[in-house]
Amino acid sequence: MSPGELLNSIQKKIKQEWKTAFFAAAAVGLLVHMPVLLSDIPNHDGLDSLYFDQNMITSGRWFLMVACGFSSFYTIPWIIGLLGIFFLGLTAAALTELLEIKRLWAAAAVGGLLVSFPALASTFAYVFTLDGYMLAMLLSVLSVLFTKRWKYGFLPGAVCLAFSLGTYQGYLSFAMILSVFSILMLAMEPEGFREKLRRGARYLYMGILGAALYYGILQLLLRLQGKELADYQGIDGMASGAMPEEVLSAIGKMYQDFVGFSLKGNVLFQNGISLAAWILLALSAISIFAVLIIKRKWWKNPWFFVIMIWTVAILPLVTNVILLISPNVNYHLLMRYQWILYPIGILALTGKYGGELIEEGVGGKPEDGRRQRVALRGCVVEWAVFGAAFVLVFFYGVVDNIGYSNLQKRYEKTYAYCVRLLDRIEQTPGYYQGIPIAMIGVVGEEEFPVTDISLPVTSGMIGLNGDVLLYTGNNYSKFIRNYLGATLNILPADAMADMYYEEEYMSMDSFPGSDSIRIIDGIMYIKTENINH
């Protein structure tokens, strides 16, 4: 085959709903995230990652170096962002296939929701690792898709899951929620119980084999590199056992967190309109499901009630599985991307079964008038779901850009602050290039009060909220070096542990006070905050 013939052959095999989901994700992704794609604005972690080889094996991410290596180890937002959006487009297409979405409007809405959800904006704040994380999400979705499509698909599915976990463990919930969705879809099919049980067991096989493969590769690579798991985010406790009472306590927190974040997390909805969109989605799903129950007489089958109770019980747990693996994790927004699967699931339910109901009617001997009423009812539900999804995509895009606006302001305020600080340092009598500098990394709120006006919107969006980018002495060093072109010899934190309690240091003013910088015994002391505050 010539290149043209090969492309033609591939193009004919690509379903229209795949194309719609992919291009909707690409278009909405570029429209929403263009401000950060065209900027070079770091957050606090980004200051340490302008060049970073992504060797995070001590955090269990043994594949991250490869996943992020396609875009090089430099932080180049345009290339990284385009790769990330490309992987998201493929993920949207995979979701339409997995959830059997045939309606083109639903496929477009899937792509739009996936790339506009604020969890992605928080990930863009850590753009140096974005492409790797989006690849991990794609692999997580593919692990379930392969398991569903083929008899032995759980084998390649397990490989995909292992490499997803080896890139970023936060997307394990994606695979688990989608597995539950797939089992529910299987339960709706008119197959025998044994066949459903056999096919449903594949998801369990995929999960067990994938987790075992991930852990086996991790232990092998740790031994080869002579390293151990770090205590960051409790990752070193992955293999340790837990007492029954600890498991029960963790399960209680999982339910509590699920309800708390859903209702009060300030992310899923932030105003009356977006809340109304969520309510409309929920009512539409309930209406479609109620008609299915009546039409297919599920209420006569005891297994229906067992499955419903199991679904209600299991979904909060698989959504928050990270709290079971690591109960003390700092559970920030990057780890909560899986919540977007719930409106996507409603899209799938409406697109798949709403269309069937429009065509078939609701039992009995349908008359023309009855068919028209049923079709009208189905159309109203589809328009309601489409409108609600559109509203959420729009408002999520607005929220994302409020966060990006504040990230730009954080950079500008940090730049102005560091220019003033560097000038004072260089003008201090006795200063010379390379002098040891002892300083704490925060910015004093008494001298520089909080000016972030976006907090009512961005309070839960890690990486995008706050006033400045500086939290450690190393942050100062990296920012001043890479953005102001000066090199400071700031001492490591452990070398300054006792200085904060010395009387001479405590008596100093906080910057920009006149006595905020002193040279004592050959070391320049810089006080940036009030120790009592």
Side-chain angles (χ1 to χ4, degrees), residues 25-26 29 32-33 36-37 42-46 48-49 52-92 94-95 111 113-143 160-178 210 214 218 232-233 235 267 321-322 325-326 329-341 400 403-404 407 461-464:
V32 171
H33 304 292
V36 74
L37 286 173
N43 68 358
H44 51 283
D45 277 357
D48 286 320
S49 305
F52 180 36
D53 65 6
Q54 301 289 352
N55 186 355
M56 297 284 288
I57 189 171
T58 56
S59 293
R61 304 172 198 171
W62 44 259
F63 192 63
L64 185 61
M65 177 184 287
V66 177
C68 291
F70 299 111
S71 59
S72 83
F73 297 135
Y74 289 92
T75 299
I76 40 178
W78 177 248
I79 299 297
I80 294 173
L82 286 181
L83 274 173
I85 290 175
F86 174 73
F87 292 140
L88 281 163
L90 294 179
T91 302
L95 283 171
L113 285 169
L114 191 66
V115 299
S116 62
F117 192 54
L120 179 60
S122 275
T123 310
F124 261 108
Y126 298 83
V127 69
F128 56 90
T129 194
L130 174 106
D131 51 344
Y133 282 16
M134 295 305 97
L135 178 58
M137 186 191 302
L138 172 61
L139 290 170
S140 181
V141 174
L142 289 177
S143 69
C160 286
L161 182 63
F163 279 81
S164 175
L165 293 172
T167 305
Y168 186 55
Q169 300 93 335
Y171 300 125
L172 173 61
S173 289
F174 253 75
M176 298 184 77
I177 293 173
L178 290 173
Y214 159 73
L218 173 62
Y232 175 71
Q233 297 283 42
I235 196 68
V267 173
V321 68
I322 192 72
I325 297 172
S326 182
V329 68
N330 178 19
Y331 200 4
H332 49 65
L333 190 56
L334 271 70
M335 303 176 185
R336 296 186 183 272
Y337 209 149
Q338 62 271 22
W339 258 263
I340 199 58
L341 291 176
D400 295 345
Y404 294 149
L407 184 60
M461 299 174 69
I462 185 172
L464 295 172

Handout entry: Option among L172, I177, V321, L178 that satisfies the side chain to side chain contact (heavy atoms under 4.5 Å, CB included) test with Q338
Key =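 Running side chain to side chain contact (heavy atoms under 4.5 Å, CB included) over L172, I177, V321, L178 with Q338 returns exactly one hit, I177.
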Interatomic distance, [X] atom [atom1] to [Y] atom [atom2] [nearest 0.5 angstrom]:
X	Y	atom1	atom2	answer
F174	S143	CZ	OG	11.0 Å
I80	F128	CD1	CZ	9.5 Å
L165	I325	CG	CD1	8.0 Å
D131	T123	CG	OG1	11.5 Å
L138	L88	CG	CG	9.0 Å
W78	S71	CH2	OG	14.0 Å

Students often mix this up, so state it plainly: with edges at 30° and 60°, are the rings of [X] and [Y] parallel, tilted or perpendicular?
X	Y	value
W62	Y214	parallel
F163	F63	perpendicular
Y404	H33	perpendicular

Given side chains that start at C-beta, do those of [X] and [Y] come closer than 4.5 Å, heavy atoms only?
X	Y	answer
I85	V115	no
Y133	Y171	yes
Y168	M56	no
V267	L333	yes
F86	L82	no

